[in-house]
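All values below were derived from every heavy atom in this structure, side-chain atoms included, with hydrogens, water molecules and symmetry-related copies excluded. So you know, we letter chains A, B, ... as the sequences are listed, proteins then strands, and number each from 1.
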Amino acid sequence: MVYMSKALPKRSENYSEWYNEIVKRADLAENSAVRGCMVIKPYGFAIWEKMQRALDDMFKATGHQNAYFPLFVPRSFLEKEEEHAEGFAKECAVVTHYRLKANPDGKGLVVDPNAKLEEELIIRPTSETVIWSAYKNWIQSWRDLPILINQWANVVRWEMRTRIFLRTAEFLWQEGHTAHATEEEAVEETHKILGIYADFAEQWMAMPVVQGVKTASERFAGAEDTFCIEALMQDGKALQAGTSHFLGQNFARSFDVQFVNKENQLEYAWATSWGVSTRLMGALIMAHSDDNGLVLPPKLAPIQVVIVPIYRSPEDLAKISESIEPLIGALKTAGLAVKYDDSDNQRSGWKFAEYELRGVPVRLGIGMRDLENGTIEVARRDTLTKESRPIDLVSPDSFVAGIKSLLDEIQESIYDRALRFREENTFLVDTWDEFKEQIEKGGFIMAHWDGTAETEEKIKEETKATIRCIPLVSDEMAGKCVYSGKESAKRVLFARAY
RNA sequence: CGGGGCGUAGCGCAGUCUGGUAGCGCGCACGGUUCGGGACCGUGAGGUCGGAGGUUCGAAUCCUCUCGCCCCGACCA
């Protein structure tokens, strides 16, 4: 109903409609003909590529290498690690046949019943099992360790309800899978990656996160410990933005991956796995954007600076285009992603609105008046403010330096804003009544918990709030469980979550 | 799988109750006037009304079957 209007739905009125519209209107992605799957459009994919590049560099810098493992997982592999199998069984797509044939009863194609697979192939919901079946052959001695592998891939989890970017049946991600000679080293790896994820979220996405460990009930199927980064979205719900798992020797046992240690004894290898997905796109949108559209952190924006000419005649446009050539060159030389939009099929006002919708951090507007005055209009997407700045169009280097520092300032500023939002929406809660009341309003709740799965479950049933994590950094002040009144060593993080 | 809703032009919708030449807005094409925050006027193109069957002189509209999508719940990065 509001779709036709130029304005987006308001966050305050209908948050999920606002989210869906922003994804569509900013041209990030669309729903596909296949249920639960999305088409990521070029503009959206460009953001994902920037995320990939930054993360990939961080993985490489810490000694990891990329590789690729198959899409198909034999059923017998998935079965091997019992908890893992149980955890993923109910959301697997299964390949049972390898051939189609012409429909003998009419048009089209049907599955050829003679082409039934001896053993079903599961479309990977994650790759631990295929990878550890390969590692078995890669690992003989402690000298073969550690193995530090990452892969960029798609996975499929047959979700009952999907939401674009946040929970799709197929999604893109990276999954790291490492093997180590000692428990200490594997645990260290788990933490190292968690740190990388937190740095990426904060420094690139400008999204503050809480690092923590999951409770047993929220743990990855097959893990000893699951660490996570949790972010707070603008509607007060939590979003798990990345996970890093310490897998112990569970997969090594299941796949019989043993190595000879320095003492010439056989030992099972220690494992980790970790991943972030296209869900981060959803996080990015919900962390910063406003009722005018997307707000992108400069470091991840496919277009960092857009230049919009303001003119009447083709002659004016030609004059502007010629005058700003050195500027465009200088911006590019400075390493900035710049777009000069001289297209003639939309007017400047339309372009202003469009680039705001798409979240371009800085917009430069230049018209004939500016040419005369030696000025240019600089507009900030995050604050929606604009100012006229002087510019020497012949040698614009100092102006460009100013734009560069403005982009840094924007990156910092949207992080600060998100951090302030999280601080203002994190509540210390000590009574059950207060808990029930606050959870309705949203936000992070720091409360004491007695450590039992029963209490955790009861709280979830009564309030839909889950323990997002037990924060790694917190003041270790003992208290009483907000639900049961029993002893508690420290507060944990509760929220309703995506 | 349970409970709701919807399939009509590229997109968003009206028309269905009460059967009678398939419409509106946006977008698109062309021409003109405009142009410092989503311009306006004129002309035009574009539809197996999700699919199949039935009732009828006549079906987008009534009946039967069927396919698909969306929202709410149970599952989850």
| remark: Reading nucleotides 27-37 of chain B from 5' to 3' and marking B where a protein heavy atom lies under 4.0 Å of the base, S where only the sugar-phosphate is that close, and - otherwise, the string is -------BBBB
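- The side chain to side chain donor-acceptor pair (under 3.5 Å) contacts involving residues 297-311 of chain A comprise A:Y311-A:D344, where partners must be two or more places apart or lie in separate chains.
- Partners of A:E462 under the side-chain hydrogen bond (donor to acceptor under 3.5 Å, both in side chains) rule, at least two apart in sequence or in another chain, are A:Y483.
- Annotation: side chain to side chain donor-acceptor pair (under 3.5 Å) contacts involving residues 276-297 of chain A, sequence neighbours excluded, comprise A:R11-A:D291, A:D290-A:R381.
- A cation-pi geometry, defined here as NZ or CZ lying under 6.0 Å from the six-membered ring centre and within 45° of its normal, does not hold between A:R163 and A:Y498.
- Listed by first then second residue, pairs satisfying salt bridge (charged side-chain N to carboxylate O under 4.0 Å, His left out) with a partner in residues 304-320 of chain A number zero, not counting sequence neighbours.
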Show me, pair by pair, the donor-acceptor contacts under 3.5 angstrom made by side chains of residues 200-214 of chain A, not counting sequence neighbours?
| from | atom 1 | to | atom 2 | distance (Å) |
| --- | --- | --- | --- | --- |
| A:E202 | OE2 | A:V209 | N | 3.1 |
| A:K214 | NZ | A:E230 | OE2 | 2.8 |
| A:K214 | NZ | A:Q240 | OE1 | 2.9 |
| A:K214 | NZ | A:R468 | O | 2.8 |

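- Going from atom CG of A:L8 over to atom C1' of B:rG38 covers 12 Å, rounded to whole Å.
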Taking only distance into account, with no hydrogens and no angle test, what donor-acceptor pairs under 3.5 Å do side-chain atoms of residues 222-229 of chain A form with protein atoms, sequence neighbours excluded?
| from | atom 1 | to | atom 2 | distance (Å) |
| --- | --- | --- | --- | --- |
| A:E224 | OE2 | A:N250 | ND2 | 3.0 |
| A:T226 | OG1 | A:F220 | N | 2.9 |
| A:T226 | OG1 | A:H245 | ND1 | 2.8 |

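- Within the structure, every pair that satisfies the salt bridge (charged side-chain N to carboxylate O under 4.0 Å, His left out) test and touches residues 33-53 of chain A, not counting sequence neighbours, is listed here: A:D27-A:K41, A:E30-A:K41.
- Across residues 276-309 of chain A, A:S277, A:R279 each have a non-hydrogen atom less than 4.0 Å from an atom of RNA chain B (numbered order).
- Rounded to an integer number of Å, the gap from NZ of A:K214 to P of B:rA77 is 8 Å.
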